[in-house]
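To find a chain, count down the sequence lines: A is the first, B the second, and so on, and within it residues start at 1. A quick note: this is a predicted structure, and the numbers were derived from the prediction, not measured.
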2 protein chains.
Amino acid sequence: MPTARDVAERAGTSTAVVSYVFNNGPRPVAAATRERVLQAAEELQYRPNVLARALSAGRTLSIGLVVPHIRNPYFAALAEQLEAATRQRDHLLLIGDAGGDADQERAHISSFIGRKVDGLILVSVRDQQALISLDTGGVPVVALHQMPPGSSASSLSISSVDAAREAAQHLVEHGYESIGVLTGPIGSPGTDEHLIGVRQAVAHAPHTRIEHRATPVSRYAARDLLRTWLGSQNRPRSVYCATDEQAFGVLNAAWEAGLAVPDDLAVMGGDGTQDCEVTVPPLTALRRPVADLASRAVELLLDRDPSEGPVHLTLEHDLVCRVSCGC
Amino acid sequence: MPTARDVAERAGTSTAVVSYVFNNGPRPVAAATRERVLQAAEELQYRPNVLARALSAGRTLSIGLVVPHIRNPYFAALAEQLEAATRQRDHLLLIGDAGGDADQERAHISSFIGRKVDGLILVSVRDQQALISLDTGGVPVVALHQMPPGSSASSLSISSVDAAREAAQHLVEHGYESIGVLTGPIGSPGTDEHLIGVRQAVAHAPHTRIEHRATPVSRYAARDLLRTWLGSQNRPRSVYCATDEQAFGVLNAAWEAGLAVPDDLAVMGGDGTQDCEVTVPPLTALRRPVADLASRAVELLLDRDPSEGPVHLTLEHDLVCRVSCGC
DNA sequence: CTGAAAGCGCTTACAG
DNA sequence: CTGAAAGCGCTTACAG
């Protein structure tokens, strides 16, 4: 692989000038010189070594994303939007999949920090408790969920309480006498908020029964749990899921049990990924503003002075009605 | 951020020894010295700068993966398995999403090469024609599909011809008088092979009609096409899809059209992702050996002498029967 | 507008 | 077993 030195020699100039040409600065280069450099680089097939540049300039033009599970379509969609947002800012997105494991998540974070990413976007598998001591060695972090007070990370999220309340309200308005609430594990970000929101909605509908179950955020885990739940005496008339991923499992379990959606069982998802459009039947869901989350996260990392301290923003969500809730 | 120099000073030794401790070599360190170094590193919260290490050692302990679309569950599953395989070898997996775009794919490849990845795993959006001139500047590449002869990249794939033949044979045995074949775009890797395989199967079943359609590899594109196709006079009795992604769209279109699967329309997918378990109804599919592809790909990159030239391996697939084909 | 040189934070022969 | 020093390939003040 040719280096800047090789290019400089061939162009009859110095490595400094090669650097100025490839970075459009910080100093001007005579048009003729620039031409010679470009020419030489072309001939030698020169590609700047990004590592060396990063080491000396202190910026890597990269952003790390760590998600719990890349197979979860919500996180895949997030990755896709972040890819676009970082690309627009001439940065590279590095995606790390934690595989649902806290240690693997830590390893990724640590590895990204070692690689000197310019910023880190995190959806954690760990609970609030564990996130207090998140240490990122000076790299700015944006979490896409609530963060415990005192953390140095910024956060971007929807109001899970409001969202869950609206979702439950919608089910109440349909007249369903019972609502099953399916969330991720107790302690994981958002779980409490979902329950609070649902209870708020039901406070005005005293005849509505609610029942809560938790599973890992996996369609297979959700399906397995629902097999039992739907087979029991007091199976719910409707199920609100904190995530789309779990809702997909519910749809399958209903089908297995011979229950029609929405006539026997109404179902709602909690992310609003595009996948909801093509499930059978299409899935009503709360929708998180994925594109907005992505562009705001990148802005926060790249344009904000970290010394100003963390910022916590709440973004808007909406409810997309499709067949599965009875609309 | 503390550097090796800070640690060395505090431990009363040299940066060389700090390096030996953190890399377990290449030279031995006295137990007492090692202790002091570890102690000092702990106190300072030292994390080696991976960039500097990479620049000087010439290896980054990272592998790049470029996929057409991270939202496609087959590619997400691949990423997940590769993550595990690279982790086992103490390497980091960097995931790049090409967003279905050839330029974006090129940008990712180029960026990974600039970052000096130790190897590159590629699923390309480009057709065979364009891949002839793939230039990776000495970085070893494994493609997870066929590569044009003459390319320097190795490849790992299943036999699409055999797979498609078996799938079509299965549909023929069910007695379906017509098979719709839904593939990715003409010219993209595998498209021809799928058609050849299906034709081979039908050669022995002269009364079976086949008809071919192509869409982008997207469930939404597939759904849109199927809306028309299923509404037409000669809609197929069964559809074999080259990808799961497209099959998901077909299931939805069938539901929209009021057609029961498999009684009115049998459907088969082409990747065999786990998602097929929980569609409504569960999807019969050809299954690609994802875990095997992943571990073999990493082996090829890390254990093979690149000067030996590219190698082309065909891995085993199988057919997983579920409800959607009529089993 | 351009060159010579120091420095980014590591690794690794070269000496001892 | 350990230290002093060169070098990885860039960037960027310092001079001119």
Side-chain angles (χ1 to χ4, degrees), chain A residues 1-38 40-41 44-62 110-111 113-118 137-139, chain B residues 1-38 40-41 44-62 110-111 113-118 137-139:
Chain A
M1 286 261 83
T3 70
R5 216 196 136 97
D6 300 325
V7 175
E9 267 174 24
R10 181 177 258 259
T13 181
S14 69
T15 61
V17 170
V18 174
S19 169
Y20 302 147
V21 169
F22 273 84
N23 296 305
N24 283 318
R27 292 198 314 202
V29 175
T33 318
R34 150 174 266 107
E35 251 337 293
R36 288 209 315 282
V37 169
L38 257 17
L44 294 173
Q45 291 251 50
Y46 169 67
R47 316 193 198 211
N49 181 326
V50 189
L51 263 49
R53 164 189 299 182
L55 183 60
S56 101
R59 300 174 348 127
T60 54
L61 298 183
S62 65
S110 182
S111 154
I113 292 169
R115 284 186 155 69
K116 299 285 182 211
V117 292
D118 299 324
V139 174
Chain B
M1 282 265 85
T3 69
R5 215 195 138 99
D6 300 323
V7 175
E9 265 172 25
R10 179 176 258 261
T13 181
S14 68
T15 62
V17 169
V18 174
S19 169
Y20 301 148
V21 169
F22 272 84
N23 296 304
N24 284 317
R27 289 197 317 202
V29 174
T33 317
R34 149 174 267 108
E35 252 336 294
R36 288 209 315 281
V37 169
L38 256 19
L44 294 173
Q45 291 252 49
Y46 169 66
R47 317 194 198 209
N49 181 325
V50 189
L51 263 49
R53 165 188 297 182
L55 182 58
S56 102
R59 300 171 351 125
T60 54
L61 298 181
S62 67
S110 182
S111 154
I113 292 169
R115 283 184 157 69
K116 299 288 183 208
V117 293
D118 298 324
V139 175

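- In this structure, the nucleotide among D:dA15, D:dC1, D:dT11 sitting nearest to the side chain of B:Thr33 is D:dC1.
- Across D:dT2, D:dG9, C:dT12, the shortest atom-to-atom separation from the side chain of A:Ser56 is found for D:dG9.
- Put simply, B:Ser14 has a side-chain N or O that comes within less than 4.0 Å of OP1 or OP2 on D:dG3.
- Distances were taken from every side-chain heavy atom of B:Ser19 (C-beta onward) to each of C:dC1, D:dG9, C:dT12; the shortest belongs to C:dT12.
- Rounded to an integer number of Å, the gap from B:Tyr20 OH to C:dC14 C1' is 10 Å.
- Remark: A:Glu9 CD to A:Thr15 OG1 distance equals 10.5 Å, nearest 0.5 Å.
- A:Ala4 comes within 4.0 angstrom of sugar-phosphate atoms only, judged by non-hydrogen atoms across all strands, and of no base.
- C:dT11 atom C1' lies 14 Å from atom CG of B:Leu51, rounded to whole Å.
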*With Watson-Crick and G-U wobble geometry limited to distances under 3.5 Å, how should the secondary structure of DNA chain C be encoded in dot-bracket form, using | for bases paired to another strand and [ ] for crossing pairs?*
|||.||||||||.|||

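- One interatomic measurement links the two molecules: CZ of A:Arg34 to P of C:dC1, which rounds to 10 Å at whole-angstrom precision.
- For A:Ala30, the side-chain atoms get nearest to C:dT2 when compared with the rest of C:dT11, C:dT2, D:dT2.
- Closest to the side chain of A:Val17, out of D:dT2, C:dC1, C:dT2, is C:dT2.
- Residue A:Phe22 is classed as having no contact, given no heavy-atom separation below 4.0 Å to the nucleic acid.
- We find the CG-CD distance between B:Asp6 and B:Gln45 to be 13.5 Å, quoted to the nearest 0.5 Å.
- In this structure, the NZ atom of B:Lys116 is 13 Å from the P atom of D:dC8, given to the nearest Å.
- Rounded to whole angstrom, the span from the CD1 atom of A:Ile113 across to the C1' atom of C:dG9 amounts to 17 Å.
- Between A:Leu55 atom CG and C:dT11 atom C1' the separation is 13 Å, expressed in whole Å.
- We find that CG of B:Asn49 is positioned 18 Å from P of C:dG7, with the value rounded to whole Å.
- With rounding to the nearest 0.5 Å, the separation of CZ in A:Arg53 from CZ in A:Arg59 is 9.5 Å.
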